[in-house]
Amino acid sequence: MDDIPANNFLQTIIAEDLAAGRVTTVVTRFPPEPNGFLHIGHAKSISVNFGLAQANGGHCNLRFDDTNPEKETPAFIEAIEEDVRWLGYQWHGEVRFASSYFQQLYDWAVHLVEQGDAYVCDLTPDQAREYRGTLTAPGRNSPFRDRSVEENLDLLARMKAGEFADGSRVLRAKIDMSSPNMNMRDPILYRIRKVAHHQTGNDWVIYPTYDFAHGQEDAIEGVTHSICTLEFEDHRPLYDWFLDHLPVPARPRQYEFGRLNPSYTITSKRKLKQLVDEGVVAGWDDPRMPTISGMRRRGYTPAAIRRFCDMIGTTRSDGVVDVAMLEFAIREDLNENAVRAMCVLNPLKVVLTDYPADKVERLSAARHPNREDLGERDLPFTREIYIDADDFREEANKKYKRLVLGKRVRLRNAYVIEADEVVKDDSGEIIEVRAHTIPDTLGENPADGIKPKGVIHWVSVSEGRPAEVRLYERLFNHEAPDKGDNAFMDHINPQSLSVVSRAWIEPALADAEPEQQFQFEREGYFVADRYDHRTDKPVFNRTIGLRDTWTDS
RNA sequence: UGGGGUGUCGCCAAGCGGCAAGGCACCAGGUUUUGAUCCUGGCAUUCGGAGGUUCGAAUCCUCCCACCCCAGCCA
């Protein structure tokens with residue numbers, strides 16, 4: 001693994017725990033709920049949890065926090081497992097499920113009732129809300145708060161047995177209805193939900209809440225450092241309360257770090273789901289989605305995502321990270337590792353009038369400018385080639401370094417040519433450029449000393465092949481689309497996807513494997529689509545454009 | 001007007017009483033058959049604000065301000 005040993009406040013805590021002997025083996029866990037796909041925010045959590053365990057010779061569990069069967073599905077479980085593996089992490093032992101601890105959790109609930117620390121409450125949701133009080137006003141005790149242990153035991157058993165209707169009763173901890181911390185106002189431990197669970201089927205009709213489950217699950221698994229995000233900070237007193245009142249086998253500690261908020265991005269499962277459900281994107285793994293699988297399909301690499309997580313650090317402050325940092329991370333990786341190739345997105349035919357019509361010159365070009373180890377590829381050159389329409393102008397100022405009528409330009413990896421005339425159609429559109437090659441300019445500058453001002457890419461008309469290229473841009477055109485309630489729907493970038501149905505690719509690209517990455521020179525980084533790419537029908541996705549510092553005019 | 005947090009360059013982030021790391025972004029040069037990469041240089045007399053303690057503070061104390069989270073039988 002290329003991860004740099006973590007150096008942050010959590011690492012400091014762990015190092016101290018290890019040094020003081022409070023902990024011998026560091027155990028962390030990544031606890032997703034299988035109700036959606038993992039996104040870039042989860043990548044940070046994964047990086048933190050697995051990274052810390054790794055850096056300290058411990059291990060990290062993958063545990064599905066499946067306490068709410070209504071929103072969860074096995075399909076999400078599979079997708080999550082695949083994403084974690086793809087990112088390059090291996091969880092310790094088997095995958096864990098909160099649901100496999102349901103019996104133990106129930107036994108502990110009974111234990112609390114027996115201790116007089118929990119009771120069955122018959123308040124309706126509306127009444128419960130009213131009794132709970134507000135942020136500034138204390139709550140009131142439920143009229144059911146003082147039921148006898150015997151009655152509570154009986155009622156809980158009957159809740160479990162399915163005698164009561166959904167939502168009619170709950171089991172609550174007896175803590176403090178006047179606590180300034182809302183989580184301590186007699187929180188709910190169990191609710192009745194007569195729905196099948198994807199793991200336990202119809203075994204249960206009552207399900208534990210996150211609060212009653214999480215800490216105990218950690219204790220069961222021997223998790224030493226239970227790392228979560230800032231919004232759970234208020235839950236920590238409750239997390240500790242349960243562990244203090246139950247005969248748990250271990251004493252985990254909860255620590256919180258700041259959630260990742262990339263600019264121009266949304267990381268709310270609810271909102272991402274809305275994008276999927278409303279067809280704004282093609283699915284959870286649409287290349288425009290900030291999901292792990294979306295980024296994968298877009299061409300992001302595990303190494304780049306891990307590098308990004310290292311770059312942004314782990315702190316307790318809440319901020320917005322510039323997506324430019326993520327873009328830097330992927331460019332850094334791909335610049336080093338992606339093989340170069342040429343692809344013309346907007347073909348304009350150039351006829352080299354001095355070049356024999358039937359000649360095919362087999363040129364060779366480096367696959368990478370500074371990595372000889374990647375070798376070379378064949379690059380056929382012919383009389384008719386395509387260049388990008390943007391790379392030709394009939395006239396231009398001196399800052400324009402491409403092909404101009406009457407001027408020269410270097411064809412990347414090939415000859416210097418000079419444009420002689422343009423051919424237009426009836427509407428005045430340029431449909432062809434006629435030019436000639438400058439002799440002996442393969443790897444050499446023109447003998448007459450007139451050097452071309454720039455270099456452009458090209459592909460042989462007869463030897464090249466058509467391909468579909470999907471150009472992606474940011475899904476949102478607002479820096480903080482997540483602000484406000486539904487405002488994010490108003491910030492969808494209408495140009496987030498544009499499909500080039502007939503781009504022209506050099507023949508070497510015909511061998512591309514799905515998910516293979518390339519740099520299409522002067523255009524950007526592209527990946528052969530994971531699902532749609534075929535040798536006989538190539539499809540490439542633009543991961544990210546090249547850094548472009550050219551200031552026009 | 002309850003509780004819990006956070007505030008160091010446009011963004012992320014080191015720093016933990018001795019006189020402001022680094023990265024991203026940006027700007028200016030150099031190299032270059034990718035206007036890419038690479039290389040060089042620039043970029044906070046100042047650490048949310050105001051007082052105070054100290055020979056000395058971003059680091060300690062006091063007060064104030066701003067922003068984030070909490071009133072799901074979601075996680």
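The chains referred to below are lettered A, B, ... by the order of the sequence lines, with proteins before strands, and numbering in each begins at 1.
- Of the candidate nucleotides G3(B), C26(B), A75(B), G3(B) has the atom lying nearest to any side-chain atom of P180(A).
- Relative to the ring axis of Y207(A), R193(A) does not place its NZ or CZ within 45° and under 6.0 Å from the centre.
- Comparing C74(B), G35(B), G2(B) against the side chain of K71(A) picks out C74(B) as the nearest.
- Taking the charged nitrogens against the carboxylate oxygens, R129(A) and D126(A) do have a contact shorter than 4.0 Å, which makes a salt bridge.
- At the heavy-atom level, T315(A) lies under 4.0 Å from the strands shown only through sugar-phosphate atoms.
- Using the Watson-Crick or G-U wobble rule with both distances under 3.5 Å, A13(B) pairs with nothing in any strand shown.
- Within the 4.0 angstrom heavy-atom criterion, only backbone atoms of the sugar-phosphate kind lie near I312(A); the bases stay farther away.
- Taking every side-chain heavy atom of N68(A) into account, C74(B) is the closest of C74(B), G23(B), C11(B).
- Y207(A) comes within 4.0 angstrom of nothing in the nucleic acid, heavy atoms only.
- Taking side-chain N and O atoms only, T549(A) has no distance below 4.0 Å to OP1 or OP2 of G35(B).
- Comparing the C1' positions of C64(B) and G22(B) gives an interatomic distance of 33 Å, to the nearest angstrom.
- Between R63(A) and D218(A) there is a salt bridge, since at least one side-chain N of the basic residue sits less than 4.0 Å from a carboxylate O of the acidic one.
- For the P atoms, the distance from A28(B) to A36(B) is 13 Å, rounded to whole Å.
- On the P atoms, A58(B) is 7 Å away from C47(B), given to the nearest whole Å.
- Between the CD atom of E130(A) and the P atom of G72(B) there is a distance of 13 Å, rounded to whole Å.
- Neither OP1 nor OP2 of A71(B) sits under 4.0 Å from any side-chain N or O of R185(A).
- The pairing partner recorded for G7(B) is C65(B), the criterion being a Watson-Crick or G-U wobble arrangement whose two distances lie under 3.5 angstrom.
- If you check every strand for non-hydrogen atoms under 4.0 Å, V321(A) touches sugar and phosphate atoms only.
- Residue contacts for D234(A): at a heavy-atom cut-off of 4.0 Å it reaches a base atom on one of the strands shown.
- Using a 4.0 Å heavy-atom criterion, one finds that G319(A) contacts the sugar-phosphate atoms exclusively.
- Dashed line: the shortest gap from a side-chain N or O of R193(A) to OP1 or OP2 of C73(B) is not under 4.0 Å.
- You'll find that the side chain of R129(A) is closest to G72(B), out of G35(B), G72(B), A36(B).
- Tested against S226(A) for a side-chain hydrogen bond (donor to acceptor under 3.5 Å, both in side chains), the candidates Q254(A), E221(A), R29(A) yield a single pass: R29(A).
- Residue contacts shown for G258(A) are absent, as no nucleic acid heavy atom lies under 4.0 Å away.
- At the heavy-atom level, H457(A) lies nowhere under 4.0 Å from the strands shown.
- Base orientation of G72(B): syn (glycosidic angle within 90° of 0).
- Between A75(B), A36(B), C73(B), one nucleotide has an atom nearer to the side chain of D65(A) than all others, and that is A75(B).
- Residue contacts for E336(A): at a heavy-atom cut-off of 4.0 Å it reaches no nucleic acid atom on any strand shown.
- Side-chain nitrogen and oxygen atoms of S317(A) include at least one within less than 4.0 Å of the OP1 or OP2 phosphate oxygen of A13(B).
- An OP1 or OP2 oxygen of A75(B) is reached within less than 4.0 angstrom by no side-chain nitrogen or oxygen of R259(A).
- Considering only side-chain atoms of A324(A), the nucleotide from U37(B), A25(B), C73(B) that sits closest is A25(B).
- At a threshold of 4.0 angstrom between heavy atoms, the contacts of L442(A) include nucleobase atoms, whether or not backbone atoms are also involved.
- You'll find that the side chain of Q519(A) is closest to U34(B), out of G2(B), A75(B), U34(B).
- Using a 4.0 Å heavy-atom criterion, one finds that R331(A) contacts no nucleic acid atom at all.
- Side-chain contact annotation: Q519(A) with Y525(A), donor-acceptor N/O pair under 3.5 Å present.
- Phosphate contact (OP1/OP2 of U6(B), side-chain N/O of R316(A), threshold under 4.0 Å): present.
- Here M325(A) lies in heavy-atom contact (under 4.0 Å) with a base.
- Comparing the C1' positions of C67(B) and G48(B) gives an interatomic distance of 10 Å, to the nearest angstrom.
- In the set C24(B), G4(B), U34(B), U34(B) carries the atom at the smallest distance from any side-chain atom of L546(A).
- The residue R410(A) sits close to a base: some heavy atom pair falls under 4.0 Å.
- The base-pairing partner of U37(B), taking Watson-Crick or G-U wobble contacts with both distances under 3.5 Å, does not exist among the strands shown.
- For H214(A) and C74(B), the NE2 to C1' distance is 14 Å, given to the nearest whole Å.
- Counting non-hydrogen atoms under 4.0 angstrom, R340(A) reaches a base of the nucleic acid.
- Set against A71(B), A36(B), G5(B), the side chain of M182(A) has A71(B) as its closest nucleotide.
- Within the structure, every side-chain polar atom (N or O) of T124(A) is placed at least 4.0 Å from both OP1 and OP2 of C73(B).
- Between W241(A) atom CH2 and G3(B) atom P the separation is 23 Å, expressed in whole Å.
- In this structure, Y210(A) and F232(A) have tilted ring planes: the angle between them lies in the 30° to 60° band.
- An OP1 or OP2 oxygen of G2(B) is reached within less than 4.0 angstrom by no side-chain nitrogen or oxygen of R132(A).
- Across the protein-nucleic acid pair, W550(A) atom CH2 and C27(B) atom C1' stand 20 Å apart, rounded to whole Å.
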